Amino acid sequence: MRLSRYFLPVLKETPGDAQVVSHQLMLRAGMIRQTAAGIYAWLPLGKRVLAKIENIVREEQDRAGAIEVLMPTIQSADLWRQSGRYDAYGPKMLRITDRHDREMLFSPTAEELFTQIFQNGAKSYRDLPRNIYQIQWKFRDEVRPRFGVLRGREFLMKDAYSFDVDYAGACHSYNRMFIAYLRTFARMGIHAIPMRADTGPIGGDLSHEFIVLAPTGESDVFYHENWEKGRDTAHVDADDAGALEAFIDGLNADYAATDEKRDMAAEAACAPSLKQSKGIEVGQVFYFGEKYTKAMGVTVQGPDGAAITPHMGSYGIGVSRLVGAIIEACHDKDGIVWPEAVAPFKVALINLRVDDAACKAAAETLYAELTAKGVEVLYDDRDERGGAKFATADLIGLPWQLVIGPKGVADGVAELKRRGGDRIEVPLAEAAARLV
Ligand code: ATP
Ligand code: MG
């Protein structure tokens, strides 16, 4: 992509209404614009990051055996009356009336709809277990939308719903998602700690929140220092229910809890290693058994012909919140420092002298080579001063900067710089290959 033809409205000044660094940087880097309280337009750079995150989430859900669907955002109030949540959900739900005075709503989550859809398609115990998910916009009329995409009103969520014949099956489904979450966040270059949690309006018995440590987070968290190390999940076989459970039990032996679930006795036991911080909730998993299937009269036929009420779980990831959470964890004084897996482009190709024929020829050649090799490159071919180009590249935080200047070109080299790290000289002829 040529920057001269791109739509990247960067801001020099930090917007006064943005309180946390991720919100400031997303506005300054031209990723988003607010269109109403807690509602954002995603500009090209932001959209690319959102898509990267979405794809990692999708790949790990698919790998865990979940099946993707897409449900409508607008749902009928009657569906929600079947579970009793239409009245119980309260003012966080955006209620809509259509031209025929029918009551509708913008989905804040989708347990009811997935339960209904599942009921239409599953008749027998052989149709279970299943885990169905979507990546879809949600609306919650938050009292205080703030911190940009970290707490919006409209936000992108991955929500999955599992259906099992019994408690043991449902636990395995829960554990599968649990490990998929650890893998998902690790692939994005961040470390999310699973913590026992309350279930809130979703209801149920068992829940974990996945929390990214950040000083600007809204949750108070307490954890054993062991959690600061990443955990290797590569060797865990998610199909082996026993091994998976043992792994997760072992993991959870180290203390970690949010303020609501704080257990002073357990904390005292690990006192010297206990840390306190703030954190951002990037995902949550729930087991709630027969809560919705019972309320909505959903059964399948068991092996002996008797009716079975499926056990359910639901599993959310804040896809748009993750964009902000990753920036909270990955930035420096000059701007964003994207982990490579979620970066909007891999390389900023910077031509310092667009008026110099040799520089221009070298930059154009590299741009063509990188593009041909499938490397995502943002080519700064604008007629701007070098300082401004470096400031933009640092602000938008692409992992690599490949810099072309007159002196280097005369020597046959370009400068390759890791964002926030070292710089080296590379021969022009080798530069593209280095970045593959
Ligand atoms: P919170 O406690 O932060 O209000 P929640 O527990 O109500 O969130 P869940 O129902 O668990 O949210 O939704 C699943 C995920 O969706 C959350 O883990 C979070 O990452 C994301 N999410 C929830 N509310 C918002 C919001 N207002 N803006 C952005 N993301 C959100
Ligand atoms: Mg939650």
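Not measured: the values here are computed from a predicted model. We count ligands from 1, going down the list as the structure has it; atoms in each ligand are counted the same way.
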Numbered atoms of ligand 1 (with element) below 4.0 Å of Gln284, judged on heavy atoms: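 Contacts of ligand 1 toward Gln284, numbered from 1: 6 (O), 11 (O), 18 (O).
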What part of [X] sits under 4.0 Å from ligand 1 if we count only heavy atoms: the side chain, the backbone, both or neither?
{"X": "Arg321", "result": "side chain"}
{"X": "Leu150", "result": "backbone"}
{"X": "Val149", "result": "backbone"}

If you measure every N/O of [X] against every N/O of ligand 1, is any gap under 3.5 Å?
{"X": "Gly152", "result": "yes"}
{"X": "Ser320", "result": "no"}
{"X": "Glu209", "result": "no"}
{"X": "Glu281", "result": "yes"}

Asp249: salt bridge (charged side-chain N to carboxylate O under 4.0 Å, His left out) partners, not counting sequence neighbours: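 With sequence neighbours excluded, Asp249 shows a salt bridge (charged side-chain N to carboxylate O under 4.0 Å, His left out) to no residue whatsoever.
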Arg321 charged N/C atom sitting above Phe155 aromatic ring, 6.0 Å / 45°: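 No, Arg321 does not lie over the aromatic ring of Phe155.
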Lys NZ or Arg CZ of Arg140 over Tyr89 ring: under 6.0 Å, within 45°: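 So Arg140 doesn't make the cation-pi contact.
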Nearest candidate to atom 9 (P) of ligand 1, where distance is taken over non-hydrogen atoms, out of Met157, Arg151, Arg140: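 Minimum heavy-atom distance to atom 9 (P) of ligand 1 goes to Arg140.
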Candidates Tyr161, Tyr133, Tyr315 - the one meeting ring pair (Phe, Tyr, Trp, His ring centres under 6.0 Å) with Phe114: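 Looking at Tyr161, Tyr133, Tyr315, the match for Phe114 under the ring pair (Phe, Tyr, Trp, His ring centres under 6.0 Å) is Tyr161.
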Whether Val282 lies under 4.0 Å from ligand 1, heavy atom: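 Right, Val282 reaches ligand 1.
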Partner of Leu349 under side chain to side chain contact (heavy atoms under 4.5 Å, CB included), chosen from Val375, Thr371, Leu402: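 Among the candidates, only Leu402 passes.
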Residue of the set Met195, Arg196, Met177 for which side chain to side chain contact (heavy atoms under 4.5 Å, CB included) holds with His208: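 Result: among Met195, Arg196, Met177, Arg196 is the only option passing the side chain to side chain contact (heavy atoms under 4.5 Å, CB included) with His208.
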Distance below 2.8 Å from the Mg ion (ligand 2): protein N/O/S atoms: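 You should have found Glu281 OE2, Gln284 OE1.
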Between Tyr174 and Tyr287, ring centroids under 6.0 Å: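 No.
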Pair listing, side-chain hydrogen bond (donor to acceptor under 3.5 Å, both in side chains) test, anchored in residues 27-43, at least two apart: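 Qualifying pairs: Gln34-Tyr40.
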No-hydrogen, no-angle side-chain donor-acceptor test under 3.5 Å, Ser173 and Asn131: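 No.
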Trp137 side-chain N/O to Glu154 backbone N/O, donor-acceptor pair under 3.5 Å: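 No.
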With sequence neighbours excluded, residues passing side chain to side chain donor-acceptor pair (under 3.5 Å) with Asp304: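 None.
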